[in-house]
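Below: the structure, in structure tokens.
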Amino acid sequence: MIRIVALVLLLTAAACTRVERQFLPEPTLLGGEFARFAEAPGATVDHAPWDAFLARYRSVDEAGIARLAYAEVTPADRAALDGYIARLAAVDPARLDRDTALAYWINLYNAVTVAIVLDAYPVGSIRDISDGPLPTGPWDRPVVSVAGRRLSLNDIEHRIIRPAFDEPRIHYAVNCAAAGCPNLQATAWRGADLVARLTEAERRYVTDARGVRVDADGRVSASKIYAWFAEDFGTHADLVAYLATNAGPEEAAALGRHRRIDRYHYDWSLNDR
């Protein structure tokens, strides 16, 4: 009976993951203007206000999860955040070199996400912030205008970042305000050290239980990120090999033995402090 219950739970979780994946947009470029980059060095972007906001309100808990003190944000700092987003919106991303442009879009996504949560706070999960009866989240809501286009968070991630940059490690950088997400970084992303920081963010997440873990029954469980964005990491065999190369020793050994991911997990609770 225990085995039957476990199987039912496993199948239910797998079905839930497939349904969630169906809600995600395909990585189709919104417009060619978002895939044009300047020769390096291009224009610069001032991310100091985002650095200051993160320094004041971001911290890391004992489990290594980056938390944000939403309840403590002052009106002045909220106004500064809105001002930062407005200044980003006024930037012409085509004047940025490729790495600076990618850093720009990541910072814009993360800052807008925090602003959306602040508008709805207190809330237990970003998925509870919805414009309809279902808890589908705010990702399709138009929230910012860039280069004459009104954009949603889904536009930024799936219709600009993913197709224009073809960089799977962006999934370790964009932050959806969930505890299961890769950490919101302590400072703004910048083009100058983008590659090194993406590599470090990748290492930290894959070696964390949020990324890959071996459960008590010996099965390998991976973040739903790898199911939702499977095509960004190649075939299932490619993904297993990739995680085995980057995971911790126990997880790498289990992946080497099983050569598969048995289940997926994700914690949607708000990354609140």
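Residue indices begin at 1 and follow the sequence shown. Source: prediction; values computed, not measured.
Side-chain atoms of N175 and Y109 form no donor-acceptor pair, as typed in the model, at a separation below 3.5 Å. No donor-acceptor contact under 3.5 angstrom links the side chains of R67 and N183, judged on distance only. No side-chain donor-acceptor contact under 3.5 Å links D128 and S125. R141 and S152 form no side-chain donor-acceptor contact under 3.5 Å, judged by distance and modelled atom types alone.
Under 4.0 Å is where a charged nitrogen must lie from a carboxylate oxygen, and between D82 and R78 at least one such pair does. A salt bridge links R190 with D51: the closest approach of a Lys/Arg side-chain nitrogen to an acidic carboxylate oxygen falls below 4.0 angstrom. Salt bridge annotation for R263-D217: present, with a cationic side-chain nitrogen under 4.0 angstrom from a carboxylate oxygen. For the pair R36 and E33, the salt-bridge criterion is not met [side-chain N within less than 4.0 Å of a carboxylate O]. A salt bridge between R159 and D155 is present, with a side-chain N of the basic residue lying under 4.0 Å from a carboxylate O of the acidic one. Between R56 and D77, at least one side-chain N (NZ, or NE/NH1/NH2) sits under 4.0 Å from a carboxylate O, which counts as a salt bridge.
V112 and W139 fall within a single hydrophobic cluster, where Ile, Leu, Val, Met, Phe, Trp and Tyr are joined by side-chain heavy atoms under 4.5 Å apart, directly or via other members. Side-chain heavy atoms closer than 4.5 Å link hydrophobic residues (I, L, V, M, F, W, Y) into clusters, and following such links, even through other members, never connects V123 to I65. F37 and I156 fall within a single hydrophobic cluster, where Ile, Leu, Val, Met, Phe, Trp and Tyr are joined by side-chain heavy atoms under 4.5 Å apart, directly or via other members. The cluster map of Ile, Leu, Val, Met, Phe, Trp and Tyr, joined by side-chain heavy atoms under 4.5 Å apart, puts Y121 and V114 in the same cluster. The cluster map of Ile, Leu, Val, Met, Phe, Trp and Tyr, joined by side-chain heavy atoms under 4.5 Å apart, puts W268 and L24 in the same cluster.
The aromatic rings of H47 and Y84 sit perpendicular to each other, their planes meeting at more than 60°, with 30° as the lower class boundary. The aromatic rings of F53 and Y57 sit tilted, their planes meeting at an angle between 30° and 60°. Between F34 and W105, the angle of the ring planes goes over 60°, which puts this pair in the perpendicular group of the 30/60° scheme.
Between the S145 side chain and the G148 main chain, no donor and acceptor come within less than 3.5 Å of each other. At distances below 3.5 Å, not a single donor-acceptor pair connects side-chain atoms of R95 with backbone N or O atoms of A38.
Proximity of D272 to L68: side-chain heavy atoms (C-beta onward) are nowhere separated by under 4.5 Å. Counting heavy atoms from C-beta outward, F229 and K224 have side chains that stay 4.5 Å or more apart. You'll find the side chain of Y266 reaches within 4.5 Å of the side chain of C181, heavy atoms only. A 4.5 Å side-chain heavy-atom check between V143 and L151 finds every atom pair outside the cut-off. Inter-residue side-chain proximity for D99 and V195 is flagged as met; some heavy-atom pair is nearer than 4.5 Å. You'll find the side chain of V206 reaches within 4.5 Å of the side chain of Y172, heavy atoms only. The shortest side-chain heavy-atom distance between D262 and D215 does not fall under the 4.5 Å cut-off. Two residues are said to be in side-chain contact when any heavy atoms from C-beta on lie closer than 4.5 Å; P182 and I225 meet this criterion.
Residues R149 and G31 share a closest heavy-atom pair of NH2-CA, 4.0 Å. Residues A186 and L54 approach most closely at O-CB, 3.5 Å, considering heavy atoms. Here the closest heavy-atom approach between residue V144 and residue A89 is recorded as CG2-CB, 3.7 Å. Of all heavy-atom pairs between N271 and A66, the closest is CB-O, 3.7 Å. Across all non-hydrogen atoms, the minimal contact from V220 to A254 is CG2-CB, 3.6 Å. In plain terms, the two heavy atoms of D97 and G42 that are nearest each other are OD2-N, 3.6 Å.
Between the CG atom of L118 and the CG atom of L81 there is a distance of 6.5 Å, given to the nearest 0.5 Å. Rounded to the nearest 0.5 Å, atoms CG (L255) and CD (E250) are 10.5 Å apart. Note that NE2 of H158 and CG of L29 are 14.0 Å apart. Values are rounded to the nearest 0.5 Å. Atom CG of L108 is separated from atom CD of E157 by 12.5 Å, given to the nearest 0.5 angstrom. Annotation: the span from N110 atom CG to I85 atom CD1 amounts to 10.5 Å, rounded to 0.5 Å. Going from atom CG of D131 over to atom CG of D140 covers 9.0 Å, rounded to the nearest 0.5 Å.
Among pairs with a residue in residues 160-185, those fulfilling salt bridge (Lys or Arg N to Asp or Glu O under 4.0 Å) read R162-E231, R162-D232, E167-R169, at least two apart in sequence or across chains.
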For W50 and T187: C-alpha separation, side-chain torsions, deciding distance, then whether side chain to side chain contact (heavy atoms under 4.5 Å, CB included) applies. CA-CA 7 Å; W50 187 225; T187 58; over 6 Å; no
Under the criterion side chain to side chain donor-acceptor pair (under 3.5 Å), I'd like the reasoning laid out for S59 against R273: C-alpha separation, chi angles, the key distance, then a yes or no. CA-CA 8 Å; S59 61; R273 185 170 75 193; 3.0 Å; yes
Go through the steps to decide whether S223 and W228 satisfy the test side chain to side chain contact (heavy atoms under 4.5 Å, CB included), and finish with yes or no. CA-CA 9 Å; S223 168; W228 295 330; 5.9 Å; no
Quick one, N246 with T207, criterion side chain to side chain contact (heavy atoms under 4.5 Å, CB included). Give me CA distance, side-chain angles, the key distance, then yes/no. CA-CA 7 Å; N246 291 280; T207 57; over 6 Å; no
Run the ring-ring contact (aromatic ring centres under 6.0 Å, His included) check on Y264 and Y226 step by step: do they pass? CA-CA 8 Å; Y264 294 93; Y226 302 115; 7.8 Å; no
Would E202 and R197 count as a side chain to side chain contact (heavy atoms under 4.5 Å, CB included) here? Give the steps. CA-CA 8 Å; E202 172 188 52; R197 289 185 64 188; over 6 Å; no
